[in-house]
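Here is the structure we will look at.
Only heavy atoms go into these numbers, but all of them, side chains included; no hydrogens, no water, no symmetry mates. Lettering follows sequence order; numbering is per chain, from 1.
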There are 2 protein chains.
Amino acid sequence: MTPTVPSRAPPHQNDIPPIENVPLRIQVADRLRKAILSGKLPLGSSLVEATLADQLNVSRAPIREAIQILENDGLVETIAYKGKRVKPLTIREVGEAYSLREIYEVMAVKRILESRIPVDLLHQHCDQMTAAAKADDFEALTAADEAFHHELIRLADHSLLMASWKNLYLRIHQIMAIRNREQRNLTQVAKNHPPIVHALEANDANLAIELITDHTRILAALDPTSIVKEF
Amino acid sequence: MTPTVPSRAPPHQNDIPPIENVPLRIQVADRLRKAILSGKLPLGSSLVEATLADQLNVSRAPIREAIQILENDGLVETIAYKGKRVKPLTIREVGEAYSLREIYEVMAVKRILESRIPVDLLHQHCDQMTAAAKADDFEALTAADEAFHHELIRLADHSLLMASWKNLYLRIHQIMAIRNREQRNLTQVAKNHPPIVHALEANDANLAIELITDHTRILAALDPTSIVKEF
DNA sequence: AACTTATGTATTGTCGACAACCAACAGTAT
DNA sequence: ATACTGTTGGTTGTCGACAATACATAAGTT
């Protein structure tokens with residue numbers, strides 16, 4: 001009876017340990033980030049520590065740390081002794097964000113082609129996009145789009161690239177949330193992705209890079225003026 | 001009238017109104033960053049808030065915030081309720097850092113060529129490198145090298161790229177400080193740069209990109225094992 | 001009226017103390 | 001000996017109060 005059960009006795013076997021103890025600053029940061037990305041906190045809104053602390057029923061310390069996290073995300077800026085606010089976007093920054101995204105994704109494509117890793121996982125996201133486009137579901141399409149590109153970067157197997165891309169994508173996300181939705185042709189967006197997957201599978205480097213570049217540039221070319229306001 | 005002047009004298013008058021108005025967290029962060037980059041705080045060193053607060057004669061709050069800044073710089077990592085330490089480097093991360101640097105610098109070169117902006121400013125850094133190499137001054141060469149690449153990125157006129165490059169270069173700097181100095185041929189490093197400037201001035205895109213790529217890859221190819229230790 | 005000087009107000013910056021938490025150790029019963 | 005169970009030491013997490021700062025505004029002066 002093999003009493004010698006491997007008995008992998010890790011330091012502690014909590015059968016019911018999944019209750020994670022998330023620090024307040026993380027919870028607050030997540031909440032604020034969501035509020036900013038959803039537009040609930042518009043660009044330029046001022047964030048007052050005391051007010052937020054009162055609203056969220058915590059002290060100012062975790063609020064401060066949460067805001068610092070968002071500052072590192074590039075979503076908030078602080079002016080010493082004056083105030084903190086949701087960082088406004090300039091037209092220039094929008095363009096810059098997309099041009100950086102382009103080189104990240106091109107790098108990912110190159111690495112994927114070199115490593116010859118299979119890219120099957122991308123198909124399902126394409127399918128989801130197609131379905132979302134058919135249903136005219138903007139939210140679902142956006143989510144599937146992000147999942148596709150996230151998976152693309154993940155396949156590149158490069159942790160620093162992933163970290164940089166994630167950080168950048170926060171702004172892209174913000175930009176897309178603000179843009180007038182009518183500007184995007186949902187069907188077109190969905191149709192853009194499968195050729196990329198096919199080029200990867202065919203190991204056609206030139207085509208894959210060209211497609212991913214075009215894809216990014218099309219998004220960048222959308223009218224950015226709707227994003228910028230006066231501050 | 002109202003001789004009832006509140007009398008409330010100003011809370012306090014500093015007869016020595018110093019000009020420095022820098023928040024403590026910034027001073028602390030700068031100091032710690034310097035200590036880490038110089039190797040005074042080796043990889044894996046644990047950072048205890050209370051200890052640092054005691055040593056630097058400030059409370060834990062600014063220490064915490066400073067450490068958070070360094071965490072965003074990627075120099076420190078926190079393990080909840082356990083401790084904070086200088087983030088160790090893996091061989092893999094070293095390679096990743098250089099490969100990212102490559103695409104940043106290639107992007108900068110491309111933008112400079114497209115904008116046809118003059119690159120005269122790069123010459124002086126080349127001269128400084130040559131002089132430093134001749135004098136066998138490692139510190140000066142490193143500084144001039146950083147100044148050269150910083151200027152290159154600046155000429156690309158892309159604020160997000162600059163921010164990303166700066167953040168990445170912190171790690172590069174760390175890596176270079178740790179590497180055995182004998183591994184670098186000072187004269188060779190100095191000689192690598194002028195051709196890049198010439199290619200830019202000649203508007204030779206292919207050559208410029210090839211040179212900057214090679215330059216980065218040579219650095220990346222140095223033996224990384226000297227960096228990694230056990231943790 | 002124009003200019004300078006106080007002073008009030010809103011906000012961030014810093015502090016010291018206490019609570020929560022984890023890891024390792026010691027002690028006890030089996 | 002082995003497994004379980006306090007307990008303790010060290011570290012981060014959170015809190016409420018006070019100090020410092022900048023800006024706007026009112027008061028006073030010429």
Side-chain angles (χ1 to χ4, degrees), chain A residues 3-5 7-15 17-32 44-71 76-87, chain B residues 1-32 44-71 76-86 231:
Chain A
T4 63
V5 173
S7 72
R8 49 175 197 88
H12 48 286
Q13 50 208 27
N14 254 336
D15 288 353
I19 304 170
E20 294 188 25
N21 208 340
V22 183
L24 286 182
R25 63 166 185 277
I26 306 291
Q27 300 182 38
V28 173
D30 288 346
R31 229 175 125 169
L32 289 179
S45 316
S46 81
L47 303 170
V48 179
E49 295 175 2
T51 308
L52 291 172
D54 196 38
Q55 286 173 0
L56 303 182
N57 257 339
V58 296
S59 82
R60 275 181 52 213
I63 301 282
R64 266 180 88 80
E65 302 193 1
I67 288 181
Q68 207 184 335
I69 292 174
L70 297 180
E71 215 171 338
V76 168
E77 68 184 353
T78 296
I79 299 158
Y81 293 107
K82 277 202 60 178
K84 318 198 172 194
R85 63 172 183 173
V86 180
K87 196 172 180 183
Chain B
M1 329 332 197
T2 64
T4 64
V5 173
S7 73
R8 193 59 102 45
H12 51 284
Q13 47 221 21
N14 251 334
D15 291 350
I16 325 159
I19 304 173
E20 6 181 347
N21 217 356
V22 183
L24 288 182
R25 64 165 183 276
I26 306 291
Q27 300 182 37
V28 173
D30 288 346
R31 228 173 127 169
L32 289 179
S45 316
S46 82
L47 303 171
V48 178
E49 294 175 4
T51 307
L52 292 172
D54 197 37
Q55 287 175 358
L56 303 182
N57 256 338
V58 296
S59 82
R60 275 181 53 212
I63 300 281
R64 265 181 87 79
E65 302 192 1
I67 288 182
Q68 207 183 336
I69 290 174
L70 296 179
E71 216 171 337
V76 168
E77 67 183 355
T78 298
I79 300 157
Y81 291 106
K82 277 202 60 179
K84 319 199 172 194
R85 62 172 184 174
V86 180
F231 292 103

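- Distance from the side chain of B:V48 is smallest for D:dT11 among the nucleotides D:dT11, C:dG13, C:dC15.
- For the pair A:R85 CZ and C:dT12 C1', the interatomic distance rounds to 16 Å; values are reported in whole Å.
- The side chain of B:Y81 lies closest to C:dC21, out of C:dA17, D:dT21, C:dC21.
- Rounded to an integer number of Å, the gap from CG of B:L52 to P of C:dC15 is 14 Å.
- The residue A:I79 sits apart from the nucleic acid: no heavy atom pair falls under 4.0 Å.
- Of the candidates D:dC15, D:dG13, C:dC15, the closest approach to any side-chain atom of B:A61 belongs to C:dC15.
- Atom-to-atom distance recorded for B:R25:CZ and B:I69:CD1 is 6.0 Å, nearest 0.5 angstrom.
- Across C:dT12, D:dC15, C:dC18, the shortest atom-to-atom separation from the side chain of A:L24 is found for D:dC15.
- C:dG13 atom C1' lies 8 Å from atom CD of B:E65, rounded to whole Å.
- Going from atom CD1 of B:I63 over to atom C1' of C:dG16 covers 14 Å, rounded to whole Å.
- Between A:E49 atom CD and D:dG16 atom P the separation is 14 Å, expressed in whole Å.
- The nucleotide whose nearest atom lies closest to any side-chain atom of B:P23 is, among C:dG13, C:dC21, C:dT12, C:dG13.
- B:Q27 places a side-chain N or O within 3.5 Å of a backbone atom of B:V22 that can act as its donor or acceptor partner.
- For C:dG13, one of the phosphate oxygens OP1 or OP2 lies less than 4.0 angstrom from a side-chain nitrogen or oxygen of B:R25.
- For B:K82 and C:dC21, the NZ to C1' distance is 12 Å, given to the nearest whole Å.
- If you check every strand for non-hydrogen atoms under 4.0 Å, A:L47 touches sugar and phosphate atoms only.
- In this structure, the separation between CD on B:E77 and NZ on B:K84 is 11.5 Å, given to the nearest 0.5 Å.
- Taking every heavy atom of both residues into account, A:V28 and A:A66 meet most closely at CG1-CB, 3.5 Å.
- Here A:R64 reaches the OP1 or OP2 of C:dG13: one of its side-chain N or O atoms lies under 4.0 Å away.
- Of all nucleotides listed (C:dC15, C:dC18, C:dG13), C:dG13 comes nearest to the side chain of A:R60.
- Taking atom CD on B:Q27 and atom P on C:dG13, their separation rounds to 13 Å, with Å as the unit.
- To the nearest 0.5 angstrom, B:L56 atom CG is 5.0 Å from B:I63 atom CD1.
- What separates CG of A:N57 from C1' of D:dC15 is a distance of 13 Å, to the nearest Å.
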